[in-house]
Visitor: 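Below is one structure. I have some questions about it.
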Amino acid sequence: LDGFAAELAAAPLLNKDGARAWLAIEDPARPWPPLSAGKHSAGPFYLVWTDPQAGNISPEQWPFEVASIKLMAPVAQRFPALLPDPALKADDPVNQGFALFQKNCLACHRLNGAGDAQFGPDLNIPYSPTEYFGADFLKRYIRDPQSMRQWPQAKMPGFSAEVLPDTDLEMLVGYLKHMAGRKVKP
């Protein structure tokens, strides 16, 4: 309901061992408490996990205020404007960065106008953050956005090294830098 569009692969959702997904359903007769002062609850539905560490489940994979669940084609098929150069090998760090972008960023952000999210800004149009942040500052921003820019309406959470290890952060920034050279006007 807030514009967050979680793109989750089916495999972790259907897992019977390790991390398990559950859909919590808010009873309209007994609403859950507000998320914070002046906010509404996490309902009507909230995707929660048992043993999330076993499946490397990140905070972006815990969507709340879920209004619908749809089975869709993979992100790469639906949004070709997100794809890195096809000449890159499958195990290239840029392709690994693309997978990390899907898991950690695509729920809030679009890139080249592509994606379902309506929450955060596009990360390539008109400019990639790699074009106006130095790599070290961009990494600091991703780790702790409020340490770089403070404003009361800020919504981007920081991504700790537990959620996004340094090597993954490096590949994610590499993907964004690569995509700055692959702009596609929406």
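The model shown is predicted, which means the values in this text are computed figures rather than measured ones. Throughout, numbering of the chain's residues begins at 1 and tracks the sequence.
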Visitor: Determine all donor-acceptor pairs shorter than 3.5 Å in which one atom belongs to a side chain in residues 80-90; sequence neighbours excluded.
Guide:
unit_1: Asp85; atom_1: OD1; unit_2: Ala87; atom_2: N; d: 2.8

Visitor: Distance from Leu176 atom CG to Met179 atom CE, nearest 0.5 Å?
Guide: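 Reported value, rounded in 0.5 Å steps: 9.0 Å.
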Visitor: How is the hydrophobic cluster of Ile69 composed, in terms of its other members, when Ile, Leu, Val, Met, Phe, Trp and Tyr link through side-chain heavy atoms under 4.5 Å apart, directly or indirectly?
Guide: Leu23, Ile25, Phe45, Val66
Visitor: Give the cluster check for Leu123 versus Met156: same hydrophobic cluster or not, with ILVMFWY residues linked at side-chain heavy-atom distances below 4.5 Å.
Guide: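 Both belong to a single hydrophobic cluster.
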Visitor: Let's go through Asn104 and Val163 carefully: what are the C-alpha distance in whole Å and the side-chain angles of both, what is the deciding distance for side chain to side chain contact (heavy atoms under 4.5 Å, CB included) to 0.1 Å, and is it a yes or a no?
Guide: CA-CA 9 Å; Asn104 296 291; Val163 171; 4.3 Å; yes
Visitor: Measure from the side-chain N and O atoms of Asn112 to the backbone N and O of Arg182, and report whether any donor-acceptor pair falls under 3.5 Å.
Guide: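 At least one qualifying donor-acceptor pair exists.
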Visitor: Output all residues satisfying side chain to side chain donor-acceptor pair (under 3.5 Å) with Glu26, sequence neighbours left out; order by chain, then residue number.
Guide: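 Listed in chain order: Ser41.
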Visitor: With sequence neighbours left out, write down each residue that passes side chain to side chain donor-acceptor pair (under 3.5 Å) with Lys177, or none if nothing qualifies.
Guide: none
Visitor: Which residue pairs satisfy the side chain to side chain donor-acceptor pair (under 3.5 Å) criterion with at least one member in residues 46-55, sequence neighbours excluded?
Guide: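 Counting only pairs at least two positions apart or across chains, the side chain to side chain donor-acceptor pair (under 3.5 Å) contacts touching residues 46-55 are Trp22-Thr50.
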Visitor: Would you confirm whether Asp122, through its side chain, and Gly113, through its main-chain N or O, come within 3.5 Å as a donor-acceptor pair?
Guide: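 Yes: the side chain of Asp122 pairs with the backbone of Gly113.
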Visitor: Does anything in residues 73-98 form a ring pair (Phe, Tyr, Trp, His ring centres under 6.0 Å)? List the pairs, not counting sequence neighbours.
Guide: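 Listed by first then second residue: Phe98-Tyr175.
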Visitor: Does any pair with a residue in residues 114-137 pass ring pair (Phe, Tyr, Trp, His ring centres under 6.0 Å), and if so which ones, sequence neighbours excluded?
Guide: Phe133-Tyr141
Visitor: Would you say that Leu47 contacts Leu13 through its side chain, given a criterion of any heavy-atom pair below 4.5 Å between the two side chains?
Guide: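 They are in side-chain contact.
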Visitor: Only pairs at least two apart or in different chains count here, so list each side chain to side chain donor-acceptor pair (under 3.5 Å) that has a residue in residues 3-19.
Guide: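 Checked against side chain to side chain donor-acceptor pair (under 3.5 Å) - neighbours excluded - the pairs reaching residues 3-19 are Glu7-Arg78.
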Visitor: Is there a donor-acceptor contact under 3.5 Å from the side chain of His109 to the main chain of Pro121?
Guide: yes
Visitor: How would you list, by chain and number, every residue that makes a side chain to side chain donor-acceptor pair (under 3.5 Å) with Lys39, sequence neighbours excluded?
Guide: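 Scan of Lys39 (side chain to side chain donor-acceptor pair (under 3.5 Å), adjacent residues dropped) gives none.
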Visitor: To the nearest 0.5 Å, how far apart are CG in Leu8 and NZ in Lys103?
Guide: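 Going from CG on Leu8 over to NZ on Lys103, the span is 10.5 Å.
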Visitor: In Å, rounded to the nearest 0.5 Å, how long is the span from CG of Asp116 to CZ of Arg110?
Guide: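 Here the rounded value is 7.0 Å.
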Visitor: Would you list the pairs meeting salt bridge (Lys or Arg N to Asp or Glu O under 4.0 Å) in which at least one residue belongs to residues 125-135, sequence neighbours left out?
Guide: Glu131-Lys183
Visitor: Could you pull out the closest heavy-atom pair between Pro145 and Gly158, with the gap in Å?
Guide: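 Minimum heavy-atom separation between Pro145 and Gly158: CD-CA, 3.6 Å.
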Visitor: List the residues meeting salt bridge (charged side-chain N to carboxylate O under 4.0 Å, His left out) with Arg20, not counting sequence neighbours, and say none if there are none.
Guide: none
Visitor: Of all heavy-atom pairs between Ala42 and Leu35, which one has the smallest distance, and what is that distance?
Guide: CB-CD2, 3.7 Å
Visitor: What distance separates Gln102 CD from Leu172 CG, expressed to the nearest 0.5 Å?
Guide: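 Separation between the atoms: 11.5 Å.
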Visitor: Got a list of side-chain donor-acceptor pairs under 3.5 Å for residues 54-61, not counting sequence neighbours?
Guide:
unit_1: Ser58; atom_1: OG; unit_2: Gln61; atom_2: OE1; d: 3.4
unit_1: Gln61; atom_1: OE1; unit_2: Ser58; atom_2: N; d: 2.8

Visitor: Check whether Ile142 and Val94 end up in the same hydrophobic cluster, where Ile, Leu, Val, Met, Phe, Trp and Tyr are linked by side-chain heavy atoms less than 4.5 Å apart.
Guide: yes
Visitor: Atom CG of Leu164 and atom CZ of Arg143: how far apart are they, to the nearest 0.5 Å?
Guide: 5.5 Å
Visitor: Could you state the interatomic distance from CG (Asp144) to OG (Ser160), rounded to the nearest 0.5 Å?
Guide: 11.0 Å
